[in-house]
Amino acid sequence: MSLHIDAAPGDIAETVLLPGDPYRAKWAAETFLDSPRLVNEVRGMLGYTGTWNGNPVTIHGSGMGMPSLSIYANELVRDYGARTLVRIGSCGAMQDRIALRDVIIAMTASTLSTPSRGIFRELNFAPAADWPLLRAAAAAAESRATTTHVGGIYSSDVFYDERPDLNEIMTRHGILGVEMEAAELYTVAARHGARALAVLTVSDHLLTGDALSSEARETGFAEMVEIALEAAFA
Ligand code: ADE
């Protein structure tokens, strides 16, 4: 047991999928896993463990933003022995060529700061995905109809940004999309020798202002879960 997860030892799989929304964790576990069972509900942050193609998998909410994700990623790795962590979530597109529903696989995650910033001091650590996971996710995505982009993303500290110039700078430097969790996930995984990746569905577009309905978000989400599972067990 850890401070924010009351699963019994052995109840968390080595492979963990991390959606931000705990109800997405419930939906994904019930949709994709065999014999899913609830292993955590502290503070309503639902976690389920089941199997996919015979492989044990946990799907656990991370909450929104890097401080929340950091708590769960640290406890999953340090207290429960998770070794492969794949964020499955949504992002806002930052390039013209990217459309709603496209999938973005995050090779790197730029930030202004992360909860780990304090330990790096003057060093600008570059949070990066695990290469075998990234390669496997790109291969899994290629066999699907959904357009997929692989590249850098921006992990922001704020959803309601009062600095639109920052988004413009990110766009000009080729950043594909913005979300709020991946950089800390990559950093925590790196610190503990674990593997991490973020697979994201484009839910809104910063350049056009378009956004998916909640129903359309769900369809996109399904492809992303399949890509994440295939990559984790490639
Ligand atoms: N997640 C999905 N869309 C986002 C956006 N526009 N900004 C930050 N996080 C997001």
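As the structure lists them, so they are numbered: ligands from 1, and atoms in each ligand from 1.
- For the residue pair E179 / S155, a side-chain donor-acceptor distance below 3.5 Å is found, with atom types taken as modelled.
- Atoms of ligand 1 found under 4.0 Å from any heavy atom of L206 (numbered from 1 in listed order, with element): 6 (N).
- The shortest heavy-atom distance from C91 to ligand 1 is under 4.0 Å.
- With hydrogens left out, the protein atom closest to atom 6 (N) of ligand 1 is D204 OD2, 2.8 Å, a heavy atom.
- Each of L33, V199, V86 was compared with L17 under the side chain to side chain contact (heavy atoms under 4.5 Å, CB included) criterion, and only V86 meets it.
- One finds a salt bridge joining D165 and R163 here, because a Lys/Arg side-chain nitrogen approaches an Asp/Glu carboxylate oxygen to under 4.0 Å.
- Looking only at heavy atoms of the protein, atom 5 (C) of ligand 1 is closest to F159 CE1, 3.6 Å.
- Side chains of T114 and T187: no donor on one and acceptor on the other come within 3.5 Å.
- Shown in contact with S203 at under 4.0 Å from a heavy atom are these atoms of ligand 1, numbered in order with element: 2 (C), 3 (N).
- Comparing V202, L212, T201, V178 by heavy-atom distance to atom 10 (C) of ligand 1, the nearest is V178.
- At the top of the distance list for atom 1 (N) of ligand 1, counting protein heavy atoms only, stands S90 O, 3.6 Å.
- No side-chain donor from either of T148 and D102 sits under 3.5 Å from a side-chain acceptor of the other.
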